[in-house]
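Note that the structure is predicted; figures quoted are calculated from it, not measured. As the structure lists them, so they are numbered: ligands from 1, and atoms in each ligand from 1.
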Amino acid sequence: MTLDLTVDELLISTRSVRKRLDFDRPVPREVLMECLDLALQAPTGSNAQGWQWVFVEDPDKKKALADIYRANATPYLNLPSPVRGDIRDQQQEAVRSSAAYLNENMEKAPVLMIPCLEGRPEGADAGMQASYWGSLLPAVWSFMLALRSRGLGSAWTTLHLIGEGEKQAAELLGIPFQHYAQGGLFPIAYTKGTNFKPAHRLPAEQLTHWDGW
Ligand SMILES: Cc1cc2nc3c(=O)[nH]c(=O)nc-3n(C[C@H](O)[C@H](O)[C@H](O)COP(=O)(O)O)c2cc1C
């Protein structure tokens with residue numbers, strides 16, 4: 001079942017959901033596969049479609065993944081927040097508190113998902129990096145939009161990948177580390193309520209260039 005949202009409403013209300021993830025409501029595999037089918041319509045360089053999607057439901061593996069995440073996220077979240085002198089400063093405490101909650105509760109999400117892409121981007125120049133990650137991340141965002149349209153939510157996270165974390169996660173899940181890179185770690189759950197507001201962002205005019213920088 002999908003929510004009654006226009007495309008624009010979907011685009012402005014797909015948030016990083018952390019405190020409103022419903023840890024008690026099971027997520028059927030059929031729903032995840034439906035979202036993935038939609039996500040796989042995303043573009044890939046040379047039509048490579050080199051992606052693999054790892055869904056983790058096993059409680060012990062979720063706990064182990066959450067521990068890997070926490071080993072990196074806890075020190076990161078304890079760093080002082082950056083001061084940017086604009087609207088982002090007012091949001092920072094809410095983001096920090098929300099991220100701290102996810103850090104403490106990651107394994108409680110019914111499903112954790114890791115999108116993987118064939119090859120490894122280490123040492124690649126900007127063109128290769130853009131082509132590499134551009135062949136995975138549009139599909140991940142489509143997946144998040146599809147979740148949202150069905151009353152589920154997720155949060156884009158990357159902190160588990162830092163240092164040895166990616167390799168530890170690969171060993172835990174049997175991901176062939178030499179041949180596939182991981183794009184992130186996504187907790188998935190139904191959301192508590194389905195009403196999500198647009199975020200306050202820097203205005204587009206401030207970020208736009210015409211005919212040159
Ligand atoms: C590349 C990337 C990495 C991120 N990594 C994390 C993360 O490791 N942990 C986390 O809690 N949120 C993470 N986020 C979520 C951001 O904090 C979030 O997108 C931002 O605060 C804006 O909030 P919104 O997504 O609700 O609009 C990440 C987002 C992106 C795009």
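The closest donor-acceptor contact from the side chain of Q182 to the backbone of E166 lies under 3.5 Å. Using a distance-only test at 3.5 Å, with no hydrogens or angles considered, no donor-acceptor pair links the side chain of R84 to the main chain of D89. For T14 (side chain) and L10 (main-chain N/O), a donor-acceptor pair under 3.5 Å exists by modelled atom type. Under the 3.5 Å distance criterion, the side-chain polar atoms of Q129 are matched with a main-chain donor or acceptor of P121. R18 contributes no side-chain N or O that, together with a main-chain N or O of M106, makes up a donor-acceptor pair within less than 3.5 Å.
Contact annotation: for R18 versus ligand 1, heavy atoms closer than 4.0 Å belong to the side chain alone. Residue M106 does not touch ligand 1, judged by heavy-atom distances below 4.0 Å. Here T157 has heavy atoms under 4.0 Å from ligand 1 in both its backbone and its side chain.
Of all protein heavy atoms, the one lying nearest to atom 22 (C) of ligand 1 is R201 NH1, 3.9 Å. Of all protein heavy atoms, the one lying nearest to atom 25 (O) of ligand 1 is S16 OG, 2.6 Å. Given atom 30 (C) of ligand 1, the protein heavy atom at minimum distance is W156 CD1, 3.7 Å.
Counting the atoms of ligand 1 from 1 in the order shown, those under 4.0 Å from a heavy atom of R15 are 24 (P), 26 (O), 27 (O). Each of the following atoms of ligand 1 lies closer than 4.0 Å to a heavy atom of T158: 3 (C), 4 (C), 5 (N), 6 (C), 7 (C), 8 (O).
The N/O atoms of L159, backbone and side chain alike, include one that comes under 3.5 Å of an N/O atom in ligand 1. Below 3.5 Å of separation, one finds an N or O of Y69 facing an N or O of ligand 1.
Between H200 and ligand 1 there is no heavy-atom distance shorter than 4.0 Å.
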With salt bridge (Lys or Arg N to Asp or Glu O under 4.0 Å) as the criterion, how do K63 and D60 come out once you've worked through the C-alpha distance, each side chain's angles and the decisive distance to 0.1 Å?
CA-CA 5 Å; K63 169 75 166 59; D60 293 338; over 6 Å; no
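Using bins of under 30°, 30° to 60° and over 60° for the plane-to-plane angle, the ring pair F186/W156 lands in the perpendicular bin.
Put simply, atom 20 (C) of ligand 1 has no protein non-hydrogen atoms near it, under 4.0 Å away.
A cation-pi arrangement is absent between R15 and F196, since the terminal nitrogen or guanidinium carbon is not both under 6.0 Å from the aromatic centre and inside a 45° cone about the axis.
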